[in-house]
Amino acid sequence: MKIKVQYAMVMNLDKCIGCHTCSIPCKNVWTSREGAEYMWFNNVETKPGIGYPGKWENQQIYRGGWTVKGNRLKLAAGGRIHKAMNIFHNPDLPVIDDYYEPWDYDYDRLIKSPPKNHQPTVRSHSCLTGEPMDPAWGPNWEDDLAGLSETGAGDVNFNRLEIDTYLKFKNLFMFWLPRLCEHCLNPACVASCPSGALYKRDEDGIVLVDQERCRGWRYCVSGCPYKKVYFNWKQGRAEKCIFCYPRIEAGLPTLCAHSCVGRIRYVGVLLYDADRILEAAAVPRDKDVYPAHLDILMDPNDPETIQAAKAQGIASNVLSAARRSPVYSLIRQWRLALPLHPEYRTLPMVWYIPPLSPVSRQVADTSEIPAAIDQMRIPVTYLANLLSAGDQEPVRLALGRLAALRHYMRLRRVEKQTDTQVLDPVGLSAQDADQIYQLLALAPLAKRFVIPTAPVDDPAVFTRQGRCGLGEAF
């Protein structure tokens with residue numbers, strides 16, 4: 001047993017309002033340079049839709065992630081020998097039009113325009129060529145379903161659903177999906193890099209790019225099934241989300257999490273058994289990856305786990321943070337959060353609480369809650385394709401618990417009654433309900449972000465922080 005520490009994030013999609021406030025500080029700090037105009041380490045896309053870059057979930061096009069052939073786990077796009085033999089030709093790469101051609105405006109022309117009878121106007125121009133252009137695609141072009149009628153058919157999450165039914169106005173549904181690098185336990189980008197430039201930090205599992213070793217082969221871009229590794233066309237190197245590790249080492253949350261006005265994000269540490277990663281990623285059936293993923297996460301309150309972790313050198317403040325981790329409770333204890341597309345077999349560490357959508361009629365009896373899940377506006381099948389490899393049971397459990405919690409708390413707060421019968425069918429106690437309610441509805445910043453600082457006896461922490469940044473390295 002090899003116990004490792006991993007930072008993880010949980011996002012409650014029930015509370016995301018699609019304001020993009022999370023994306024703005026990330027963009028301003030990390031990707032506001034030449035060559036990085038089209039990059040959004042954190043983006044928010046509308047579902048249904050094909051997202052950013054377009055059709056990133058369709059691995060028939062991009063061949064990202066892992067697959068099982070026979071009993072062996074292999075990169076879907078081929079191993080290192082295959083890549084070495086075809087290193088100057090990678091047909092699986094997204095092109096700039098799949099992301100979008102970044103554009104800007106000459107604001108000086110507006111600000112410095114002399115008084116005249118008509119208001120001044122400016123045309124958009126390409127950040128790549130400087131030529132005038134008409135924007136035709138963007139990082140959330142489908143915002144508020146504006147493009148669904150054109151792109152909906154390309155959304156792979158409609159698998160086993162009649163998409164024409166959901167394009168009718170009365171059946172439309174939508175929600176927002178914030179995305180960032182998953183900092184996977186089994187990252188395909190790291191395994192795909194011919195130069196060995198991508199690596200997973202030993203102390204906290206954050207996946208980074210060594211800018212000095214990167215040679216710009218871009219196999220990490222195609223290998224990542226979530227398309228969260230980018231190529232800087234100016235510098236000729238790969239870049240990606242760094243989970244704001246300089247802030248994390250100081251005990252501060254990531255910029256996207258800290259700035260979220262909907263308070264949908266939770267950040268904490270998990271303990272996992274690194275010796276069982278291959279076992280979890282290589283299970284034969286796609287729908288078995290999620291339960292296998294859960295099994296390698298270790299209970300931070302187990303005395304044997306604590307003793308073994310201390311013996312392996314994990315700091316006491318990290319173990320203390322693991323015991324108070326909100327993400328462990330949401331992922332493992334209550335099973336409310338699910339991984340994004342676990343069938344890619346990268347074992348992602350950004351998890352999502354599925355959204356509760358309106359039901360078509362009022363639920364009068366608590367026994368009707370399981371049936372009401374099927375009457376929600378967002379189809380369970382769609383959420384299962386997105387979050388549990390098509391297996392509906394984990395989604396039904398999470399939605400059932402959220403619905404039961406909502407009914408239980410409404411009785412307590414509005415009607416001044418306590419009825420735990422609604423909690424029994426979904427396996428929750430009254431204490432669980434109170435804790436979930438406190439965490440999802442009322443938790444202050446200190447409860448949502450439980451982040452241990454880097455060990456104070458590490459004299460090289462500031463040297464390491466400066467060595468892998470994206471600014472001075474260039």
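This structure is a prediction, so every number in the text was calculated from the model and none was measured. Along the sequence shown, the residues carry numbers beginning at 1.
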**S329 side, atom OG; Y266 side, atom OH - distance, nearest 0.5 Å** = 11.0 Å
**Message:** Within the supplied structure, the quantity of interest is the number of heavy atoms (other residues, nucleotides, ligands) at a distance under 6.0 Å from H258 NE2; does it exceed 12?
**Reply:** no
**Request:** Please answer whether the main-chain N or O of Y219 pairs with a side-chain N or O of S222 as donor and acceptor at a distance below 3.5 Å.
**Result:** yes
**Item:** Pair D92 + R63: basic N to acidic O under 4.0 Å
**Value:** yes
**Item:** Donor-acceptor pair, side chain of S325 and main chain of A321, under 3.5 angstrom
**Value:** no
**Message:** Please check: side-chain N/O of Q312 versus main-chain N/O of I3, any donor-acceptor pairing under 3.5 Å?
**Reply:** yes
**Y344 ring center near Y226 ring center (under 6.0 Å)** = yes
**Prompt:** Using 4.0 Å as the upper bound for N to carboxylate O, is an ion pair formed by E249 and R201?
**Reply:** yes
**Request:** Taking R345 for its side chain and A281 for its backbone only, find out whether a donor-acceptor pair lies under 3.5 Å.
**Result:** yes
**Asked** Is a donor on one side and an acceptor on the other found under 3.5 Å between the side chain of Q431 and the backbone of L428?
**Response** no
**Message:** Within the supplied structure, the quantity of interest is the number of heavy atoms (other residues, nucleotides, ligands) at a distance under 6.0 Å from Q307 CD; does it exceed 12?
**Reply:** no
**Prompt:** Hey, does the side chain of R33 reach the backbone of W30 with a donor-acceptor pair shorter than 3.5 angstrom?
**Reply:** yes
**Message:** Between D391 and R285, does any side-chain N to carboxylate O distance fall below 4.0 Å?
**Reply:** no
**Item:** Passing candidate, ring-ring contact (aromatic ring centres under 6.0 Å, His included) with Y99, options F231, Y52, W137
**Value:** Y52
**Item:** Presence of salt bridge, K47 and E57, under 4.0 angstrom
**Value:** yes
**Contacts of type side-chain contact (heavy atoms from CB on, under 4.5 Å), residue D98, not counting sequence neighbours** = P53, Y62, P94, V95
**Prompt:** Between CD of E182 and CE of M9, what distance do you get to the nearest 0.5 Å?
**Reply:** 10.0 Å
**Aromatic ring proximity, centroids under 6.0 angstrom, Y100 and Y38** = no
**Asked** Can we call the ring centroids of Y290 and H293 under 6.0 Å apart?
**Response** no
**Asked** Would you say the side chains of E45 and W40 form a donor-acceptor pair under 3.5 Å?
**Response** no
**Asked** Can any side-chain N or O of S357 pair as donor or acceptor with the backbone N or O of R377 at less than 3.5 Å?
**Response** yes
**Message:** Is it the case that over 12 heavy atoms from other parts of the model lie below 6.0 angstrom from the NZ atom of K55?
**Reply:** no
**Message:** Once rounded to the nearest 0.5 Å, what's the spacing between atom CG of L185 and atom CE of M349?
**Reply:** 5.0 Å
**Message:** Using side chain to side chain donor-acceptor pair (under 3.5 Å), reason through N140 and T46 one step at a time and then give a plain yes or no.
**Reply:** CA-CA 7 Å; N140 192 17; T46 299; 3.3 Å; yes
**Prompt:** Taking the six-membered ring for Trp, are Y245 and Y7 ring centroids under 6.0 Å apart?
**Reply:** no
**Request:** Measure from the side-chain N and O atoms of R401 to the backbone N and O of W334, and report whether any donor-acceptor pair falls under 3.5 Å.
**Result:** yes
**Request:** Please indicate whether E162 has more than 12 foreign heavy atoms, meaning atoms of other residues, nucleotides or ligands, lying under 6.0 Å from its CD.
**Result:** no
**Asked** Will you find, in the side chains of R179 and N42, an N or O donor that is under 3.5 Å from an N or O acceptor?
**Response** no
**Asked** Does D273 pair with K4 as a salt bridge, N-O distance under 4.0 Å?
**Response** no
**Message:** Closer than 4.0 angstrom, basic N to acidic O: yes or no for D434 and R412?
**Reply:** yes
**Asked** Quick one: do the N12 and D14 side chains pair a donor with an acceptor below 3.5 Å?
**Response** no
**Asked** Any chance CZ of R332 has more than 12 other-residue heavy atoms, nucleotides or ligands included, within less than 6.0 Å?
**Response** yes
**Asked** Is it true that the side chains of N317 and S320 contain a donor and an acceptor less than 3.5 Å apart?
**Response** no
